[in-house]
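Heavy atoms only: backbone and side chains are in, while hydrogens, waters and symmetry mates are out. Below, chains carry the letters A, B, ... as their sequence lines are ordered, and counting in each starts from 1.
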2 protein chains.
Amino acid sequence: MSVAPSRRRTQVDRSAETRMILIGAAIELLHTVGFAGTTTALIAKRAGVTTGALHHHFSTKDELMFGVLDHASERMRDRLEAEEHLSPDGVLHISDLVQHLWQVYGDPEYWAIWEIIIGTRSDGVLHPRVVTHRLDTMRTVLHPWLERHTSENDARPDIVAIFEFMLIAIRGLSLERFLDKDEAYFERNLKILAELVGQRLETLAQHDFSR
Amino acid sequence: MSVAPSRRRTQVDRSAETRMILIGAAIELLHTVGFAGTTTALIAKRAGVTTGALHHHFSTKDELMFGVLDHASERMRDRLEAEEHLSPDGVLHISDLVQHLWQVYGDPEYWAIWEIIIGTRSDGVLHPRVVTHRLDTMRTVLHPWLERHTSENDARPDIVAIFEFMLIAIRGLSLERFLDKDEAYFERNLKILAELVGQRLETLAQHDFSR
DNA sequence: TTTCATACATATCGATTAGTATGTAAATTT
DNA sequence: AAATTTACATACTAATCGATATGTATGAAA
């Protein structure tokens, strides 16, 4: 009651708000019931509006899905950029990095993106657009981040490759969520990932004369 | 014409044959159009029969899906047991093992199982049964295989844990298929996986007094 | 304050879904 | 070979999908 939204809102505010509520509802549904289960009726119900409102803001369901891709990608970028994984001394510990990546790319919210990628695979029109969107995101988000976190004189290609592998492993781990694994299972495998990568990076550093 | 099937077949033969054709068609569709896209009409069409025949052999679609789980699990076990990954001298090379696991668990056919796991996630009745089926399979297939390939006096728990991690990574890698990555991408990451694990296992062996 | 555009709701559409009812042909039993 | 069961096909049903058509309420412009 104290922070009740002003009763009289401008049109653009209402639109933006409703659009975000719809996108948020779609994201939730994508990772709870999957792409096929995320129907327009369910999205509208979850958003507290009708399908009429949904189709007013997103003329087609595909359009809404791209809204989800845009929003989720942006949120993931923000969370990736939040560099709370750096310890106070500025040193990057592998175990912290793994935890950070897990929090970002192991998050159920991120899975919504993959639901769209996988769910549209046989759609000749939609899938190529989804894949392109994905490539763009990786290029504008991940690569700059990588260049900022690896020095020029590193064995950078190797390190970048290992980083890509880390994301792959984390994605594979997130699949296990669907098998109702407990938290210890995830922590154990994250620890293994950190150990494997840490050991490898040490070796790479030893062979790198610039150090 | 030479090996044309005998025109007059027994009922059980006809049944078994049609059931297998249906299951095969379902598996193909599961990894090409996904769980939701695998409709009874499509399955029947692909199998060259009608939906009437489908429902005669599998009274419900769920039943057919469990037929898929049974068959695919069995096939994966056979392929896992085919120990062509052992080099002639009997020594197990990590890179060969990784390739072997990739051929089995990175195969599109195997993804059909995961389509069912993920696709049924919000089905309160079906999903628990699917998860149970999965656990049974892992227990009766993977664990015996692991015990056969690790010696008692090894640091077995560590090795088993690393093995589980390998499967997770391979699963994550197989997801990238949906992004139209080229073959080099997969090979590069399989090589990284083999390097990481190989290096780790060497360290474990050094600390193991039994060697 | 009147006019108009925007933001929604309601009602309904054709298409598609899993499943059923019923018919016919093939195989087995008697 | 007649009777019966099994293996399918055809036709249909209720439910649900994304989408549209049309109405009403709300905010912006005049």
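Distance A:L22 CG to D:dG18 P: 14 Å, rounded to the nearest Å. B:H55 places its NE2 atom 10 Å from the C1' atom of C:dT17, with the value rounded to the nearest Å. As rounded to whole Å, 8 Å separates atom C1' of D:dG18 from atom NZ of A:K61. Distance CE (A:M65) to P (D:dA19): 10 Å, rounded to an integer number of Å. As a whole-Å value, the separation of B:L54 CG from D:dT10 P is 15 Å. D:dC8 atom C1' lies 16 Å from atom CG of B:D13, rounded to whole Å. Rounded to whole Å, atom P of D:dT5 lies 14 Å from atom NE2 of B:H56. Taking atom CD1 of residue A:I43 and atom P of nucleotide C:dC8, one finds them 16 Å apart after rounding to whole Å.
Between A:A36 and A:G52, it is A:A36 whose nearest contact on DNA chain D lies nearer the 5' terminus.
The listed nucleotides are C:dA18, D:dA7, D:dT10; the one nearest the side chain of B:T40 is C:dA18. Between C:dA18, D:dA9, C:dA27, one nucleotide has an atom nearer to the side chain of B:R14 than all others, and that is C:dA27.
Ring geometry for B:Y110 versus B:Y105: interplanar angle over 60°, hence perpendicular rather than tilted (30 to 60°).
A sub-4.0 Å separation between OP1 or OP2 of D:dG18 and a side-chain N or O of A:T51 is absent. Residue B:H57 places no side-chain N or O under 4.0 Å from the OP1 or OP2 atom of D:dA7. One finds a side-chain N or O of A:T18 lying less than 4.0 angstrom from the OP1 or OP2 phosphate oxygen of C:dC8.
Under a cutoff of 6.0 Å and an axis angle of 45°, B:R129 and B:F66 form a cation-pi pair. Relative to the ring axis of A:F35, A:K61 places its NZ or CZ within 45° and under 6.0 Å from the centre. Within the cation-pi definition used here (under 6.0 Å to the ring centroid, within 45° of the axis), B:R177 qualifies as a partner of B:F186.
If you check every strand for non-hydrogen atoms under 4.0 Å, B:T50 touches a base.
Every residue two or more places apart in sequence or in another chain that forms a side-chain contact (heavy atoms from CB on, under 4.5 Å) with A:R46 is listed here: A:A25, A:E28, A:L29.
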